[in-house]
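Heads up, the thing below is written out as structure tokens.
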Amino acid sequence: MKVDGEANYQFLSSGTEDYFLSAFYFDAGIYQDNDAGLTYKGNPGMISAYKFFEEDPIMFTKEFQLVWRNMERTTGSSDSCPTKFPSDVNTTTGQSDNGMKEPEVAPATVTTYAWVYEYTL
């Protein structure tokens, strides 16, 4: 994700199942919790899940950009929780405005709902 025009991405998890507070490709099946849950698991890659940030809100003043990592390959590094997109695999030939290579990703359909609260300081 990027907040308020930051130059680099901030990673919220090492994979989709981790983002929704599960692990190992959702092998435990359907679950519900206060902050996250898996409500449907179908064919490989077909899920319905939710995530709330009530206890850990994402604060921003101008803009918020969420980038979904999809079908990303890794280089086999021992770093199981990446902090940046790999520079040598699965990237486009072009570069972003800040000179970093942007990820090349597989097509995906993601539907999201967001509730944004505005506070006056």
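In this chain, residues are counted from 1 in sequence order. Worth saying up front: this structure is predicted, and the values here are computed from it rather than measured.
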When you measure from the centre of the six-membered ring of Phe53, is the NZ or CZ of Lys51 closer than 6.0 Å and no more than 45° off the axis? yes

Atom CZ of Phe26 and atom CZ of Phe20: how far apart are they, to the nearest 0.5 Å? 6.5 Å

Measuring from Trp115:CH2 to Glu54:CD, what's the distance to the nearest 0.5 Å? 10.0 Å

Any side-chain heavy-atom pair of Ile47 and Thr16 under 4.5 Å: yes

Ignoring hydrogens and geometry, is there a side-chain-to-backbone donor-acceptor pair from Asp4 to Lys62 under 3.5 Å? yes

Does Leu38 share a hydrophobic cluster with Tyr40, counting links as ILVMFWY side-chain heavy atoms below 4.5 Å and allowing steps through other members? no

Measuring from atom CE of Met1 to atom CD of Glu6, what distance do you get when rounded to the nearest 0.5 angstrom? 7.0 Å

Using the rule that two of Ile, Leu, Val, Met, Phe, Trp, Tyr join whenever any of their side-chain heavy atoms come within less than 4.5 Å, decide whether Met59 and Phe64 are in one cluster. no

Side-chain donor or acceptor of Glu63 paired with backbone N/O of Gly5 under 3.5 Å: yes

Does Gln32 CD have over 12 foreign heavy atoms under 6.0 Å away? yes

Suppose we screen for ring pair (Phe, Tyr, Trp, His ring centres under 6.0 Å). Which residues come up paired with Tyr25, at least two apart in sequence or across chains? none

Under the 3.5 angstrom rule, does the side chain of Thr39 hit a backbone N or O of Ser48 as a donor-acceptor pair? yes

Tyr50 side, atom OH; Asp33 side, atom CG - distance, nearest 0.5 Å: 6.5 Å

